[in-house]
Trainee: 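One structure, pasted below without further comment.
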Amino acid sequence: MTGSLGRLPVLLSHAMSTENASTSDEQHRLLAARRQKLDALRAPGADPFGGRFDTDGTVGDVRARFAEGTVFRVAGRVTGHRDFGKSHFLDLSDLTGRIQFYVNSKSLPPEQSAALNALDLGDFWGIEGEGFITKTGEPTIRASRFVPLSKALRPPPGGYYGLADVEARHRQRYLDLLANEKSRATFLLRSKVLRGIREFFHERGFLEVETPMMQPLAGGAAAEPFKTHHNALGIDLFLRIAPELYLKRLLVGGFPKVFELNRNFRNEGLSRRHNPEFTMLEAYWAYADMELMADLMEDLICRLADNAERLELKDAEGNVTRTVSFARPWRRARYKDLVEEAAPGWFALTPEGRVERARGELGLEIAPGMADFEVTQQVFEKKIEEKTFDPLFVTHLPKELVPLARQNAADPSLVDVFELVINGMEFAPGYTELNDPDVQRERLLAQSGGEKMSLDEDFLLALEHGMPPAGGIGLGIDRLMMLLSGSDSIRDVILFPHLRPKE
RNA sequence: GGGCUGAUAGCUCAAUGGUUAGAGCACUCGCCUUUUAAGCGAUUGGUUCUGGGUUCAAGUCCCAGUCGGCCCA
């Protein structure tokens, strides 16, 4: 890299003392070289880990305001070094981009010369100098001064090919973020989406609230909770599987529009689509219903997708594999009508006839003893849901599928619920919420198999004080991010996904 | 939980059961004052994930394990 490093004795012992025996000698050699330079920086009395450095903004800011002859101060990681003996072209990078700076090593003061010799890729530097344009037209800062701000004692991974190892990308996300532009883009987008959600609801008069993540009873959904213990109170607590029952208490308390955007926890398996902790949006709106909530959901997602007409999903090579149309209004259709579209005459059959047809003509696997509504649900999942890519609100679901929702006034076998399907997946549910405390009690009892111990009596007490009729929605933010960022795995949209510990 | 599949240098990847496991980049050294995946030359760098087994011979085949990936439940 640089021809003027001089003769540095290779002292492996320095690095050996801080490394365990399993680290290879090669690693020792690479680390030893960096520690040599660390010591070299300390020699003139400098602090290799720097301190405050006032800048004129980010690298992106400097690029935007770049002008020849103007002096800029900027800080970042040194990510490139092209050395011509006397002329050095270096890259300084931060999250906002990269800018080239130039150092002429011919006439440097001694401490600057020492700093340049002690440079490794990955080190943080602050630089100051005039802008100029090189022969090749590159905006460049002629660094009249540079300050080492932090030494990187390990080499950056990646390089031209990036960091490809999936496991390393997840276990050491910081390296993924440094090495892979796509990963940076995904998490910048995630931050933008979270901000967009908050803005959307604030504009509509919703209050952002925070309800307990530790709950005496894990209600609001059917899932295995994590259990913990509070010593001072001497009680077991559960990490929440949903915030729903607390948000509804707020409707009782007179907050007519609330939303919560935060983590839920489910003690279940890990997969491409499941992380034990995941981010959920829930919103409740007094005096609204399922239809208004569907409108709200459509508005929200279109806005988060920057009102794009369509979303192109790409494979690893960047080829478009599918296009999801966001053209509005999004289709709304009844569950039964959709099943009839896929299997005409379905509901005229006997339950036995449906099993026969599902196994035969439709080619589905129907387990023995499957309930009639489950057979129909198989048809829905395999023949409709998995083949629906553009947004579709499926409405008027059979009540067996959603036991906690309010029954439809005209047809008590149905519930006033929608399920939004996008890209072949259940994406987000919406409800006309149940606010009759007696019916709610019956439903919760039925759900718990008649076990009264697990009834959230405090929630039922709240309902008895009166909850306004309301609409509610839930939106899994991780799956939304998978869609918007074109990721196949939830681990690509969660900064630090859970993995089995190594060793 | 089941099936399939993967783990080789710091990174990205090669290597018919057969010589001393290679290449590019990075690192280190030499040359170079306008490059940008800089260039040219040289030198380094390996517990082939771990533990067994088969074989004259194992990165390669078999078994078990660890950690991933894909599919299914």
Trainee: So which nucleotide from B/U35, B/C27, B/C67 ends up closest to the side chain of A/A33?
Mentor: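 It is B/C27.
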Trainee: List the residues meeting salt bridge (Lys or Arg N to Asp or Glu O under 4.0 Å) with A/D488, not counting sequence neighbours, and say none if there are none.
Mentor: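 Partners of A/D488 by the salt bridge (Lys or Arg N to Asp or Glu O under 4.0 Å) criterion come out as none, since no residue qualifies.
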Trainee: Give me the one residue out of A/R334, A/R331, A/K383, A/K336 that meets salt bridge (Lys or Arg N to Asp or Glu O under 4.0 Å) with A/E341.
Mentor: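 Going through the options one by one, the only one that passes is A/R331.
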Trainee: Sub-3.5 Å donor-acceptor pair from the side chain of A/E340 to the main-chain atoms of A/F347, do we have one?
Mentor: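 Looks like yes, one N/O pair under 3.5 Å.
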Trainee: Going by salt bridge (charged side-chain N to carboxylate O under 4.0 Å, His left out), name the pairs with one or both residues in residues 386-396 of chain A, residues two or more places apart or in two chains.
Mentor: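 Pairs touching residues 386-396 of chain A that pass the test: A/K382-A/E386.
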Trainee: With the stacking rule set at 5.5 Å and 30°, tell me whether A/F89 counts as stacking on B/U35.
Mentor: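 Base of B/U35: stacked against A/F89.
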Trainee: Quick one: the side chain of A/T134 and the base of B/U35, do they pair up donor-acceptor inside 3.5 Å?
Mentor: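 For A/T134, whose side chain was compared with the base of B/U35, there is a donor-acceptor pair (under 3.5 Å).
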Trainee: Scan residues 355-381 of chain A for pairs that pass ring pair (Phe, Tyr, Trp, His ring centres under 6.0 Å), counting only residues two or more places apart or in two chains.
Mentor: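 Those involving residues 355-381 of chain A are A/Y335-A/F380.
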Trainee: Give every donor-acceptor pair under 3.5 Å between a side-chain atom in residues 491-499 of chain A and any protein atom, sequence neighbours left out.
Mentor:
| residue | atom | partner | partner atom | Å |
| --- | --- | --- | --- | --- |
| A/D492 | OD1 | A/R169 | NH2 | 3.4 |
| A/D492 | OD1 | A/H170 | NE2 | 3.2 |
| A/H498 | NE2 | A/E277 | OE2 | 2.7 |

Trainee: As a test of reading the structure: which of B/U35, B/C27, B/C71 is closest to the side chain of A/L121, going by heavy atoms?
Mentor: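 So the nucleotide nearest the side chain must be B/C27.
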Trainee: Could you label the plane-to-plane angle of the A/H88 and A/H81 rings as parallel, tilted or perpendicular, counting under 30° as parallel and over 60° as perpendicular?
Mentor: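 The rings of A/H88 and A/H81 sit tilted, inter-plane angle from 30° to 60°.
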Trainee: Dot-bracket for RNA chain B: what is it, with Watson-Crick or G-U pairs under 3.5 Å, [ ] where a pair crosses earlier ones, and | for a pair to another strand?
Mentor: (((((((..((((....[...))))..((((.......))))......(((((..]....)))))))))))).
Trainee: Which part of the nucleic acid does A/R98 contact within heavy-atom distance under 4.0 Å: base, sugar-phosphate only, or nothing?
Mentor: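 Base contact.
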Trainee: Taking OP1 and OP2 of B/C67, is either one under 4.0 Å from a side-chain nitrogen or oxygen of A/R171?
Mentor: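 Negative; the distance criterion is not met.
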Trainee: With a 3.5 Å cut-off and heavy atoms only, can you find an N or O donor on one side and an acceptor on the other between the side chain of A/T136 and the base of B/U34?
Mentor: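 Result: no qualifying N/O pair found.
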Trainee: Tell me which one of A/Y102, A/W125, A/F124, A/F101 satisfies ring pair (Phe, Tyr, Trp, His ring centres under 6.0 Å) with A/F146.
Mentor: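 Among A/Y102, A/W125, A/F124, A/F101, the one meeting ring pair (Phe, Tyr, Trp, His ring centres under 6.0 Å) with A/F146 is A/W125.
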Trainee: Using modelled atom types and a 3.5 Å cut-off, is there a donor and acceptor pairing between side-chain atoms of A/N104 and backbone atoms of A/K106?
Mentor: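 Confirmed, A/N104 side chain pairs with A/K106 backbone.
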Trainee: Between the base of B/U33 and the side chain of A/Y102, is there any donor-acceptor pair under 3.5 Å?
Mentor: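 A donor-acceptor contact between them is present.
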Trainee: Between the protein and nucleotides 11-15 of chain B, list the N/O to N/O atom pairs that are separated by less than 3.5 angstrom.
Mentor:
| residue | atom | partner | partner atom | Å |
| --- | --- | --- | --- | --- |
| B/C11 | O2' | A/G158 | N | 3.3 |
| B/C11 | O2' | A/G158 | O | 3.2 |
| B/C11 | O2' | A/G162 | O | 3.3 |
| B/U12 | OP1 | A/A164 | N | 2.9 |
| B/U12 | OP1 | A/D165 | N | 3.0 |

Trainee: With no angle test and no hydrogens, is the base of B/C27 tied to the side chain of A/R29 by a donor-acceptor pair under 3.5 Å?
Mentor: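 Under the 3.5 Å cut-off, the side chain and the base do form a donor-acceptor pair.
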Trainee: Would you say the base of B/U35 and the side-chain of A/E138 have a donor-acceptor pair closer than 3.5 Å?
Mentor: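 No pair found.
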